Number of protein chains: 2
Amino acid sequence: MDLVKIYECLCDRTRLRLLNLLAPGPLCVCHFQAVLRESQVKISKHLAYLRARGLVESEREGNWIIYRLPVKPARALRANLACLQDCAAEEKLFRRDLARLKKLGPGLVASGPCGCAPAGRK
Amino acid sequence: MDLVKIYECLCDRTRLRLLNLLAPGPLCVCHFQAVLRESQVKISKHLAYLRARGLVESEREGNWIIYRLPVKPARALRANLACLQDCAAEEKLFRRDLARLKKLGPGLVASGPCGCAPAGRK
DNA sequence: CATCTGTATACCTGCAGCGGCATATTGCAC
DNA sequence: GTGCAATATGCCGCTGCAGGTATACAGATG
């Protein structure tokens with residue numbers, strides 16, 4: 001994987017927040033919306049940007065689309081994601097995001113269908 | 001230091017090459033020109049870009065301008081520079097640059113006036 | 001002073017990304 | 001099938017950056 005491409009993905013705050021949230025485990029789009037409190041379009045486009053460059057992977061699960069960090073990341077990517085996680089731990093915004101994520105659902109991480117919507121899985 | 005700003009600096013190949021060359025020690029602009037074999041303007045502008053954002057520092061020494069990595073880098077910057085060095089060691093282009101740098105002058109790193117020009121220090 | 005060398009800056013063009021609005025797509029429920 | 005929820009995509013305007021050419025600046029030399 002090309003180093004420059006990786007850094008291009010990392011040089012936007014929204015994308016950093018998305019990747020930061022993915023570190024603990026897979027999430028669906030509505031989680032990102034709930035935590036970042038940004039428009040659906042904005043989040044969706046940044047996720048598409050990341051996916052097109054191999055920084056995240058996605059999978060459909062019923063109505064939802066689950067995003068995750070690559071299962072087998074290239075060495076350079078792994079190193080930089082680790083570095084990001086390390087650095088993000090020192091910035092308020094990222095910590096707040098993670099805190100909000102935890103509030104969303106305790107067993108959320110790596111759990112089944114997201115159940116994020118008001119309608120939820122019904 | 002803002003993480004996003006750091007990554008903005010890292011998302012250009014020329015700038016990565018410059019930073020990679022600075023890892024062993026300070027250099028003057030003509031060294032970058034000799035190693036990268038890019039136009040003077042291109043290199044100068046990228047160095048200005050990096051300096052404006054605190055990724056490098058510069059100091060005049062007679063006719064030459066010496067660039068170096070920050071003496072007291074912020075934690076996030078230090079982490080990412082270390083990561084970059086690690087990743088760069090695996091890419092041919094960066095290794096070739098370092099090899100060329102070594103050929104330029106054995107005692108070059110951290111030495112005195114650069115002596116790079118034909119006229120040199122005379 | 002004039003001149004040369006090393007380096008920086010101004011101005012321009014082209015291109016890519018960001019964010020917004022509107023709309024499309026996919027799958028579920030009825 | 002209809003309708004709705006979750007998500008993606010197309011188009012537009014704006015901004016910022018990359019790289020080029022020409023020019024300016026600073027210091028050394030004579």
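Note on naming: letters A, B, ... go to the chains in the order of the sequence lines (proteins, then strands), and numbering restarts at 1 for each one. Treat the numbers as computed from the prediction; the structure is a model and nothing was measured.
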Exercise. Select from K42(A) and V29(B) the residue whose nearest nucleotide in DNA chain C is closer to the 5' end of that strand.
Key: V29(B)
Practice problem: Take E8(A) and V41(A), find for each the nucleotide of DNA chain C with the closest heavy atom, and name the residue whose nucleotide sits nearer the 5' end. | Solution: E8(A)
Exercise. Kindly say whether, by distance alone, the side chain of K45(B) makes a donor-acceptor pair under 3.5 Å with the base of dG19(D)?
Key: yes
Given [options], identify the nucleotide with an atom nearest to the side chain of [X].
| X | options | answer |
| --- | --- | --- |
| Y49(A) | dG17(C), dA18(D), dT7(C) | dG17(C) |
| R51(A) | dA8(C), dG19(C), dA8(D) | dA8(D) |
| C28(B) | dT7(C), dG17(C), dA8(C) | dT7(C) |
| N63(A) | dG19(D), dA5(D), dG20(C) | dA5(D) |

Quiz item: Which is true for F32(A) with a 4.0 Å heavy-atom rule: it touches a base, it touches only sugar-phosphate, or it touches nothing?
Solution: nothing
Practice problem: May I ask you to say what R15(B) touches in the nucleic acid, namely base, sugar-phosphate or nothing, with a heavy-atom cut-off under 4.0 Å? | Solution: sugar-phosphate
Between [atom2] of [N] and [atom1] of [X], the distance in whole Å:
| X | N | atom1 | atom2 | answer |
| --- | --- | --- | --- | --- |
| L47(A) | dT9(D) | CG | P | 11 Å |
| L10(B) | dC17(D) | CG | P | 14 Å |
| I43(A) | dG19(C) | CD1 | C1' | 13 Å |
| E59(B) | dG6(C) | CD | C1' | 16 Å |
| L16(A) | dC18(C) | CG | P | 11 Å |
| R37(A) | dG19(C) | CZ | C1' | 20 Å |
| L50(B) | dA8(C) | CG | P | 12 Å |
| I65(B) | dA28(D) | CD1 | P | 12 Å |

Quiz item: Does OP1 or OP2 of dG20(D) have a side-chain N or O of S39(B) closer than 4.0 Å?
Solution: yes
Exercise. Would you please confirm or rule out a distance under 4.0 Å between OP1 or OP2 of dG17(C) and any side-chain N or O of R53(A)?
Key: yes
Practice problem: Mind checking the CZ-CG spacing from R17(A) to L98(A)? Nearest 0.5 Å is all I need. | Solution: 10.5 Å
Quiz item: Start at the 5' end of DNA chain D and walk down; is the nucleotide closest to R60(A) or to A48(A) reached first?
Solution: R60(A)
Practice problem: Between Q40(B) and H46(B), name the one whose nearest nucleotide on DNA chain D is closer to the 5' end. | Solution: H46(B)
Exercise. Give a yes-or-no answer on whether the side chains of N80(B) and Y7(B) include a donor-acceptor pair shorter than 3.5 Å.
Key: yes
Quiz item: Does the side chain of L84(A) reach to within under 4.5 Å of the side chain of L3(B), using non-hydrogen atoms?
Solution: yes
Quiz prompt | Test side-chain contact (heavy atoms from CB on, under 4.5 Å) applied to V4(A) and D12(B), L16(B), T14(B), the passing residue | solution = L16(B)
Quiz item: So, is the end of the R51(A) side chain (NZ or CZ) under 6.0 Å from the ring centre of Y67(A) and within 45° of the ring's axis?
Solution: no
Quiz item: Is it true that D86(A) and R75(B) have a side-chain N and a carboxylate O under 4.0 angstrom from each other?
Solution: yes
